[in-house]
4 protein chains.
Amino acid sequence: MTPTEVSQPIAPPDRRQQILDAAMTCFGRRGFHPTTMQDVADEAKVSVGLIYRYFPSKDAVIAEIAREHKADLAELLEQARQAPSLFEAIEIFFTCHHDDEHAQVIAPFVLDLFAESARNAHVRALVRDVHHCFVDGIAELIAASGDAERLPRGFSPRQAAELIVDATHGLMIRDVTELSDLSPASACERQLAGLRSLWTLLFPAAHDLCVPTGEQP
Amino acid sequence: MTPTEVSQPIAPPDRRQQILDAAMTCFGRRGFHPTTMQDVADEAKVSVGLIYRYFPSKDAVIAEIAREHKADLAELLEQARQAPSLFEAIEIFFTCHHDDEHAQVIAPFVLDLFAESARNAHVRALVRDVHHCFVDGIAELIAASGDAERLPRGFSPRQAAELIVDATHGLMIRDVTELSDLSPASACERQLAGLRSLWTLLFPAAHDLCVPTGEQP
Amino acid sequence: MTPTEVSQPIAPPDRRQQILDAAMTCFGRRGFHPTTMQDVADEAKVSVGLIYRYFPSKDAVIAEIAREHKADLAELLEQARQAPSLFEAIEIFFTCHHDDEHAQVIAPFVLDLFAESARNAHVRALVRDVHHCFVDGIAELIAASGDAERLPRGFSPRQAAELIVDATHGLMIRDVTELSDLSPASACERQLAGLRSLWTLLFPAAHDLCVPTGEQP
Amino acid sequence: MTPTEVSQPIAPPDRRQQILDAAMTCFGRRGFHPTTMQDVADEAKVSVGLIYRYFPSKDAVIAEIAREHKADLAELLEQARQAPSLFEAIEIFFTCHHDDEHAQVIAPFVLDLFAESARNAHVRALVRDVHHCFVDGIAELIAASGDAERLPRGFSPRQAAELIVDATHGLMIRDVTELSDLSPASACERQLAGLRSLWTLLFPAAHDLCVPTGEQP
DNA sequence: AATGAATGAGGCTTCATTCAT
DNA sequence: CATGAATGAAGCCTCATTCAT
């Protein structure tokens, strides 16, 4: 009667993750506040009561998802650090939300996080933290890369990083409000276009704008 | 425009506006969903029932406020058009939210609008509309100004406008998540710093970046 | 349209009291914990929501009823003070719960209060307070009456008062557990019998107990 | 009586009793209704499911504990019968709840039983039964002892027994509401003081009250 | 026009009970 | 025998909305 203890043929369903995933889906779909625990339970194919075996409250679920989101971004930063070039590293941020099917879920969720951070100190702290990690990470990336000196005069890596992050957020908003009907692929294209614009500005090819300058006797 | 402008020299309290203002305050403070009609009524020093005399539902109030917000921005755009220089015109956008006491109210509200636009088609249409007006308006501003030709090679006024708008949104998010504890004045400073950064990039002073090139006569 | 302000033909329904009465009935019937807000609402012919316009929580309703109970007892004590004789004064306590139709409601409620006081500090404080008032009041009553000197040697008015109160409580328990099927009238009889027993002990008529002794050979 | 008394020299943990003890503790701590099956399971270091192997429902657990309580009291009565004197016999009742660590558990539990008996016919029957046993037992004790004739004139052993039981209950209430912060020892003292009071009344030493009479010429 | 009492559906959360392992 | 994951009914409370005054 006991299952064969050998090959773990059926992975034990990770209820916790199952619930978190369902919650993420729901939150992305309807937002924190309008999502009911019943919604989450239904999405997770689970009873409401069970959610409370794993999380003490709805807020705790939100908090956990936010934490997960933070971890995802940290990993993203790590990936970026491995990228061969600065451009590619930053490309990762600009396109990250479009790699998978969660595309239309994560952005709305993040926007909700931002909105929530205006009144919930806990969420605010987390968002702020994520933001700092990002800016710092990108600033380091720029500083470490040879491209730093290509920045316009008086432009620090940090300033550049902040601009990049801000633009990313702005683009995310565009994604949500303008492109929600478009395919993830198109959205991704849009992001890349945004990146290239910014890139051109931040790191003007020497030959393109200024190289001639220095070369002149 | 209001009826009976004659016999009532003292303008009757504009209940409608009173309610809208109160709602704006509440929404900014707590967000759409958590704000109750009672909150709004209290803030407006009015009974709950009265709100329903002017608006058919809570959603209608939200919609109306959003519409108002749109009108405000249109006016802002108009102001910008009157500005003596492009920089000053754009400065208006970057600092608009900090001029008055509503500073800490509008930004959270707008973030809520963005978040809401992810699921509410009506809100989405409005946000999108506002966004287009903005981008178009700024692009025109740039095109009309003599500064357009100072844009980096291959950079259209529209691209610049999009970048400006995105960055503005990104900065607004920073405002809400990072600066909520700071004074509006500091927040405004921050915005201006952001603007100057971007400005330096978009419109490099000839002498600053390229004059040295020597290409100039 | 406004109601005639003259004769108050229709007394404005005192919702608050209406709810309290209903709650009292329900609590007496089923106890605090098993009684639902819906029960109370139904009993009061009112919606659940309305209860929350008058009380912030179920506990607040309980607390208020307890407070009311305390006030009732204070009044009872006052009545007792007016009584022509000590016996009649004390009789009031022993029979108070049987005067009206609430007979079968108050005693269970009080028992619930006692039980609750074992874990709820707030309730405990109230019960304790009531108890002190009682003992003090009765002790005073005894001391003030000429009967005090008839107390057995070494028996203080306070001791007598404590015994009376304890016995009253014990009788109340008997009421609830034994006589719940009997008529209030019988229950009252029972109480009086208890009182007479105790009375005989506390205030033995000199001739009744001791004088006769002398008759013994 | 239990099966397989042979092969298991070490008594298997008596799950049933273990659960009952835990339940008693919990009920005393928080009351019937607020106590959850999980509370009981935790206290018993057992799984919730296991409780249902031994008891069909929460109510059954309560009922069983009540039955146990009844048995305990029966035993107490038996002990009392063995006591050398009436006073000592009755002392047993007054102090019984203070002999062991359950002191602060049993009284609240009994109060809960009383409160519950107001609405639960089953509990009521049990409480009534216990009560009768008690009164009968004590009345017998009094009747059997030589002290019976020392009772005040017209006072039957049964009347005395009832008074004793009532006073005991009243004192128990005082214990719970007033002395919950005191040590069991102090509480016991209190009980004994109560007993002595009552005793003095019920069984006035001849010389104490009446002998003086004899002093009269 | 204005009030605010009243409603009741619905949300979050708890908990007795069941059942697969 | 034992576990504890899982269920779902039900409880407390909130709040958008209505309506008598």
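Every chain is numbered from 1 and lettered A, B, ... according to where its sequence line falls, protein lines coming before strand lines.
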Q: B:Arg30 CZ to F:dC15 C1': how many Å, rounded?
A: 11 Å
Q: Where the side chain of D:Ser47 is defined as all heavy atoms beyond and including C-beta, which of F:dT17, E:dG8, F:dA2 is the nearest nucleotide?
A: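 Per side-chain heavy atoms of D:Ser47, the pick is F:dA2.
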Q: Distance check needed: F:dA9 P versus D:Lys58 NZ, whole Å only.
A: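 Value for this atom pair: 19 Å.
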Q: If you look only at distance, which donor and acceptor atoms sit under 3.5 Å apart when one is on a side chain in residues 40-48 of chain D and the other is two or more places apart or in another chain?
A:
residue: D:Asp42; atom: OD1; partner: D:Gln38; partner atom: NE2; Å: 3.1
residue: D:Glu43; atom: OE1; partner: D:Arg29; partner atom: NH2; Å: 2.7
residue: D:Ser47; atom: OG; partner: D:Leu50; partner atom: N; Å: 3.4

Q: Tell me, please, which residues at least two apart from D:Asn120 pass side-chain hydrogen bond (donor to acceptor under 3.5 Å, both in side chains).
A: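 Not a single residue meets the side-chain hydrogen bond (donor to acceptor under 3.5 Å, both in side chains) criterion with D:Asn120.
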Q: Considering non-hydrogen atoms only, spot the tightest contact between D:Val176 and D:Pro108 and give its length.
A: CG2-N, 4.0 Å
Q: Go nucleotide by nucleotide along DNA chain F from the 5' end; which of A:Gly49 and B:Gly49 gets its closest nucleotide reached first?
A: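 Looking at DNA chain F, the more 5' nearest nucleotide goes with A:Gly49.
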Q: Considering heavy-atom distances to DNA chain F, does B:Leu50 or D:Arg53 have its closest nucleotide positioned more toward the 5' end?
A: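 Between the two, 5'-proximity favours D:Arg53.
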Q: If only side-chain N and O atoms of B:Tyr52 are considered, is one of them under 4.0 Å from the OP1 or OP2 phosphate oxygen of F:dT17?
A: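 So the side chain of B:Tyr52 is within the cut-off, an N or O lying under 4.0 Å from OP1 or OP2 of F:dT17.
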Q: Start at the 5' end of DNA chain E and walk down; is the nucleotide closest to C:Tyr54 or to D:Asp59 reached first?
A: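 First, find each residue's nearest nucleotide; the 5'-ward one identifies C:Tyr54.
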Q: So, taking the atom named CD in C:Glu116 and the one named CG in D:Asp112, what distance separates them when rounded to the nearest 0.5 Å?
A: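 Reported to 0.5 Å precision, the distance equals 8.5 Å.
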Q: Got a second to check how far C:Ile62's CD1 is from C:Leu20's CG, nearest 0.5 Å?
A: 11.5 Å
Q: Got a sec? Which of residues 31-43 of chain A come in under 4.0 Å of DNA chain F, heavy atoms?
A: none
Q: When we call it a touch if two heavy atoms are under 4.0 Å apart, what does A:Val48 touch: a base, just sugar-phosphate, or nothing?
A: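 Base contact.
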Q: Quickly work out the A:Gln18 CD to F:dA6 C1' distance and round it to whole Å.
A: 12 Å
Q: What is the distance, rounded to the nearest whole Å, between atom CD1 of D:Ile19 and atom C1' of F:dC1?
A: 12 Å
Q: Let me know the distance between CD1 of D:Ile51 and C1' of E:dC19, rounded to the nearest Å.
A: 16 Å
Q: Could you work out which one of E:dA2, E:dA6, E:dA16 sits closest to the side chain of C:Arg15?
A: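 Closest of the options to the side chain of C:Arg15: E:dA6.
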Q: Could you state the interatomic distance from NZ (A:Lys58) to OG1 (A:Thr35), rounded to the nearest 0.5 Å?
A: 6.0 Å
Q: For B:Arg53, what residues pass the salt bridge (charged side-chain N to carboxylate O under 4.0 Å, His left out) criterion, not counting sequence neighbours?
A: none
Q: Side chain of B:Ser57: nearest nucleotide among F:dT7, F:dT17, E:dT13?
A: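 For the B:Ser57 side chain, the nearest candidate turns out to be F:dT17.
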Q: Using whole Å, report how far CZ of D:Arg16 lies from P of F:dA2.
A: 14 Å
Q: In chain order, what residues pass the ring-ring contact (aromatic ring centres under 6.0 Å, His included) check against B:Phe32, with sequence neighbours excluded?
A: B:Phe27, B:Phe109
Q: Only stems of 3 or more consecutive Watson-Crick or G-U pairs count here, both distances under 3.5 Å; name the ones for DNA chain E, or none.
A: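 Stem list for DNA chain E: E:2-21 with F:2-21.
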Q: What are the two closest non-hydrogen atoms of A:Glu68 and A:Gln17, and how far apart are they?
A: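 For A:Glu68 versus A:Gln17, the nearest heavy atoms are OE2-NE2, 2.8 Å.
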